[in-house]
Amino acid sequence: MAAKHNSEYESSELYRIRHSAAHVMAEAVLEKFPEGKVAIGPAIADGFYYDFDLPRALTPEDLSEIEDRMKKIIKGKHPFTKEVLSADEAKKIFADQPFKIELIEGLESGSLDEDGNPTDEKPEISIYRQDKFVDLCRGPHVENTSKINPNAIKLLNVSGAYWRGDEKRPMLQRIYGTAWEKPQDLKDYLWKLEEARKRDHRKLGKELDLYSINEEVGQGLILWHPKGAKVRKLIENFWSDEHEQAGYDFVYTPHIGKAQLWETSGHLGFYNENMYAPIDIEGIKYYIKPMNCPFHVYIYKNSLRSYRELPIRLAEMGTVYRFERSGVLHGLTRVRGFTQDDAHHFCHPKHMPAEIDFVVEFSLKMLRAFGFDNFQAYLSTKPEKSVGDPERWKAAEEALEASLQRHNLPYEIDKGGGAFYGPKIDFKVNDAIGKDWQLSTIQFDFNLPERFDINFIDENGQETRPYMIHRALLGSLERFFGVLIEHYGGAFPAWLAPVQAEIIPIADRHIDYANEIASAMRKDKLRVHVDARSDRMNSKIRDAQREKIPYMLIIGDKEMESGQVSLRKRNGEDLGSMPVAEFVSLAKDEVDKKI
RNA sequence: GCCAACAUAGCUCAGCUGGUAGAGCAGGCGUUUCGUAAACGUCAGGUCAGGAGUUCGAAUCUCCUUGUUGGCUCCA
C-alpha cells in the first residue's frame, strides 16, 4: 500500500506526543539494555513503535518494566532539544549504533530518506536530545517530556520486524505502544480495541457456528458450516441476480489447466511464487488455477467475434488456490483456497472508458448493498515484474484514473501495486480492528489479449484486438464474508440472516401451533426455526439473542387463541402481539429493504 | 517463511515450584410446562495438539513436528 502521508496528523500535537513517547521508550530500553542497538521509531496511527536489536527476546514483564521507566523519565520534565550537524559529526555521536550510521549514510548521499525511500534532495541531518538519550531525528517533538501524560501511554506488544522491512536483513524487536493526550482517551482507545475483539470474525465465526478451519484438512482452507453456507448462498443469489440484470453471462471453468496455458498467460513467469507445484497427469503437467482469466479467454476465443457482440462480460464464482506463506494466513480474510466473484470484460478499445465507468459504478452499487459506505479507492500502477510496454501502462493508468475522477472518488496511488498484466483500481474497506482489506479490484489488461491473440471483427471488417478488464467486486467470498461478519458484528440484517425468526413456544402445548405458523412462514420464503426444547421461554430467548436472530416470535396461550405472534426483536424491543400476516409483511418489508 | 507467545472436554477456562486431570456452559436422560436474556436433578465427555527425551514418576522440564495468535514481509 502507498505510504500514507496525512499532513494534518503529522503536524498535530498528538503526533508530536507519540513521536516523543517513542524516544522516551528508546531511552528506557537503553537504560535496561545499555548494549542495545536502536533502529527507527516513528509515530503511527493510534500510537508509535521503536525497533531494537537486543541481546535477548523481550517478555511481557520487560514491557511493564520499560513502561515504568518511561513514566520516571517523563516526570523528569526533560526538554527535547534539536541540533543540526554534519554527517561526520553525526557519525561520531552514533559510532556504536550501526543502524543509525546506515541511516546517516543514506541521508548523506541524498539517495534515501529516513524511511528508506528514494529521494532527490539532500535532507539536513539533525538530532534530538532528551535526558540521557540522543536520536537521529527530523522531529518535531514536544518541548519537554512532561508534555507526555504518563497515564495516557501504554506499551501494547512486542513483535519481530525486519530492518528496513527487508526479509534478508536482521530481524529486530519492535515494541508497539499507544499514547494519547488524556488518560480518558487511552481508556477509550483500549475499550475500542476490546470492542473490536468482540467483533472479530474468527471469534464470531465459532460462536455463531459459521465456519471452521481444521488442522487435518489444512491451513487456510475453509469449511463452511450450514449457517455460514446459508449466508454465502444468499450473497451468491443476490450477486447472480444483479449480474444477470447488468448484462453478464455466467460460465463455469475447471480447477486445473495445462502448464502450457499458464506459460502462455504469463502466470508461470510472473505469478509462479503464488502457484502450487504441478500435478502430473499421464506425463503432462497441470497446475491448480490461481486465477480464472485464461479459461475465460478461451471461452471468448472459441468463436469468431464481431464488434456487434461487444462488450462480452463473462462472470464466474471461480475457486482458485494460491500459495500464501503460513505466517500470513488469517481467519477468512487471508486463505489459500478461495472463490472469487470474478468476471472478464472484452470490449472495443473505443468503449474502454465507458466500460471502466460501468464496472466502477456496478462495484460501488454492490458494496453499498451490503452496507459498506466507508471504503477507500486506490489506483495501483506498474510493478517491477510486469509485462507490456510502459507506454501502454501509462495510457491504461490514465484511463483508470480518469474514471475515478469522473466519479468524484477520492483515491490514493499505490505505486507499483498493479498486477503483472495491468494497472488496477481497488476498493478497500475497514474491518472491525481498523485493518483495511482489499475487496473490489478492477484490473486493466492489455496483455492476455495479446498473448492469447484474441480478436474481433470491427466495423471495417478488420481483425482488431479487444481490451480486457478483470474484476472481482466482492473480492473473494471468504474475505468478503469475514469482513461482513465484522461489519455487522455477527448480527446480519434480516435479508442475510441464516435464521430470520426463532419461534418460541412457551409450553409444549404451543408447539403444534408454532410448527403450523412456521410452515406457513416458510411458504412465504422466511427462514424460521421452532425452538421445541423443554426449556423455559427466558432461556430460549437468551439463546436466540446470542445467535443474533433478528426476530423472536413468542407463542403462548394468548397468541394461540387469537392466531397471533408476539414479536421481540434482537435489540430487545418488544413489539407485542400481532397477526401472523402482519409479522410476515413486516419481515418481508425489512428483507426487501435489506435493513 | 521470519521473530515471539500460546495449544488442557464441543466451547470458555482452573490445574503453584513434576506425584498420572477439574469447573461452568453445551450434550444425553429424567422431572418441570413456565410470558420477554440462564428451571432442577442426574449421567456421560480428555492418549492434557502429535512425537521423542530427562525422571522412580511429565499436563507441568528439554527438543522436534503440527497448528493458532500478535507483528514483519507478501496479498483477493
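Letters go in sequence order (proteins before strands), and every chain restarts at 1. It should be emphasised that the depicted structure is a prediction, and the values quoted were computed from it without experimental measurement.
- Contacts of A:Gly327 with the nucleic acid, taken as non-hydrogen atoms under 4.0 Å apart, include base atoms.
- A syn orientation is assigned to B:G45, its glycosidic angle lying within 90° of 0.
- Nucleotide B:G71 holds its P atom 10 Å from the CG atom of A:Leu193, rounded to whole Å.
- When the C1' atom is used for both B:C34 and B:A44, the distance is 28 Å, rounded to whole Å.
- A:Tyr488 and A:Arg199 form no side-chain donor-acceptor contact under 3.5 Å, judged by distance and modelled atom types alone.
- Judged by the 6.0 Å distance and 45° axis criteria, A:Arg313 is positioned over the aromatic ring of A:Phe358.
- Among the protein residues, A:Leu439 comes within range of the sugar-phosphate backbone only, with heavy atoms under 4.0 Å from sugar or phosphate atoms but none that close to a base.
- Nucleotide B:U42 forms a pair with B:G28, judged by Watson-Crick or G-U wobble geometry with both contacts under 3.5 Å.
- A:Ser440 comes within 4.0 angstrom of no nucleic acid atom, judged by non-hydrogen atoms across all strands.
- Among the nucleotides B:U66, B:G1, B:A76, the one closest to any side-chain atom of A:Ser476 is B:A76.
- Taking only side-chain nitrogens and oxygens, A:Arg509 comes nearer than 4.0 Å to OP1 or OP2 of B:C34.
- The phosphate of B:U12 (OP1 or OP2) has a side-chain N or O of A:Lys206 nearer than 4.0 angstrom.
- Distance CD1 (A:Ile554) to P (B:C34): 15 Å, rounded to an integer number of Å.
- Using a 4.0 Å heavy-atom cutoff across all strands shown, A:Arg479 reaches at least one base atom of the nucleic acid.
- Counting non-hydrogen atoms under 4.0 angstrom, A:Asn274 reaches nothing in the nucleic acid.
- Remark: the A:Tyr551 side chain and the A:Glu502 side chain contain no N/O donor-acceptor pair separated by less than 3.5 Å.
- Following rounding to the nearest Å, A:Arg197 (CZ) and B:U69 (C1') show an atom-to-atom distance of 11 Å.
- An OP1 or OP2 oxygen of B:A37 is reached within less than 4.0 angstrom by a side-chain nitrogen or oxygen of A:Arg568.
- What separates CD of A:Glu324 from P of B:C2 is a distance of 16 Å, to the nearest Å.
- Of the nucleotides present, B:A4 is the one that pairs with B:U69 by Watson-Crick or G-U wobble criteria, both distances under 3.5 Å.
- At a threshold of 4.0 angstrom between heavy atoms, the contacts of A:Gln438 are confined to the sugar-phosphate backbone, with no base atom among them.
- Cation-pi contact between A:Arg174 and A:Tyr49: present, with separation from the ring centre below 6.0 Å and deviation from the ring axis of at most 45°.
- Between A:Leu332 atom CG and B:C75 atom C1' there is a gap of 16 Å when expressed in whole angstrom units.
- Exactly one of A:Gln443, A:His470, A:Arg471 qualifies for a side chain to side chain donor-acceptor pair (under 3.5 Å) with A:His344. That residue is A:His470.
- As a whole-Å value, the separation of A:Asp535 CG from B:C25 C1' is 13 Å.
- Applying the 4.0 Å criterion to OP1 and OP2 of B:A76, one finds that A:Gln340 has every side-chain N and O outside that range.
- Straight-line distance between the P atoms of B:U60 and B:U54: roughly 15 Å, to the nearest whole Å.
- Between A:Asp426 atom CG and A:Gln376 atom CD the span is 11.5 Å, to the nearest 0.5 Å.
- Within the nucleic acid shown, A:Ser326 comes within 4.0 Å of at least one base atom, counting heavy atoms only.
- Close to B:U69, at under 4.0 Å from its OP1 or OP2, lies a side-chain N or O of A:Arg202.
- Contact of A:Arg334 with B:C74 (side chain to base): a donor-acceptor pair of N or O atoms is detected under 3.5 Å.
- Contact check, A:His330 against B:G70: a side-chain N or O comes under 4.0 Å of OP1 or OP2.
- Residue contacts for A:Asn538: at a heavy-atom cut-off of 4.0 Å it reaches the sugar-phosphate backbone alone, with no base atom in range.
- Looking at heavy-atom distances under 4.0 Å, A:Ala57 makes contact with sugar-phosphate atoms alone, never a base.
- Taking the P atoms as reference points, B:G41 lies 10 Å from B:C25, given to the whole Å.
- In terms of phosphate contacts, A:Gln219 brings a side-chain nitrogen or oxygen within less than 4.0 Å of OP1 or OP2 of B:U68.
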Working for ring-ring contact (aromatic ring centres under 6.0 Å, His included), residues A:Tyr287 and A:Tyr276 | CA-CA 7 Å; A:Tyr287 283 87; A:Tyr276 290 103; over 10 Å; no
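- No hydrogens or angles considered: a donor-acceptor pair under 3.5 Å links the side chains of A:Ser577 and A:Glu559.
- Scanning atom types as modelled, no donor and acceptor separated by under 3.5 angstrom connect the side chain of A:Tyr162 and the base of B:G71.
- Annotation: cation-pi geometry not satisfied between A:Lys37 and A:Phe52 (NZ/CZ under 6.0 angstrom from ring centroid, within 45° of ring axis).
- Rounding to whole angstrom units, CD of residue A:Glu167 and P of B:U73 are separated by 10 Å.
- If you take atom P in B:A21 and the same atom in B:A58, they sit 12 Å apart, rounded to whole Å.
- Residue-level contact check: A:Ala161 touches the backbone only, with heavy atoms under 4.0 Å from sugar-phosphate atoms and none from bases.
- Counting non-hydrogen atoms under 4.0 angstrom, A:Arg322 reaches a base of the nucleic acid.
- Between the side chain of A:Glu559 and the base of B:G35 there is at least one donor-acceptor pair of N/O atoms closer than 3.5 Å.
- The residue A:Lys424 sits close only to the backbone: its heavy atoms come under 4.0 Å of sugar-phosphate atoms, none of a base.
- Contact annotation for A:Tyr176: backbone-only contact, meaning every heavy-atom pair under 4.0 Å involves sugar-phosphate atoms and none involves a base.
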N/O to N/O distances under 3.5 Å, protein versus nucleotides 30-32 of chain B:
| unit_1 | atom_1 | unit_2 | atom_2 | d |
| --- | --- | --- | --- | --- |
| B:U32 | O4 | A:Ser534 | OG | 3.1 |

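- Base pairing of B:U12 is made with B:A23, judged by Watson-Crick or G-U wobble geometry with both donor-acceptor distances under 3.5 Å.
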Name each donor-acceptor pair under 3.5 Å that joins a side chain in residues 359-375 of chain A to protein atoms two or more places apart or in another chain, with its distance.
| unit_1 | atom_1 | unit_2 | atom_2 | d |
| --- | --- | --- | --- | --- |
| A:Glu361 | OE2 | A:His407 | NE2 | 2.6 |
| A:Ser363 | OG | A:Ser440 | OG | 3.2 |
| A:Lys365 | NZ | A:Glu242 | OE1 | 2.9 |

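- Looking at heavy-atom distances under 4.0 Å, A:Val335 makes contact with a base.
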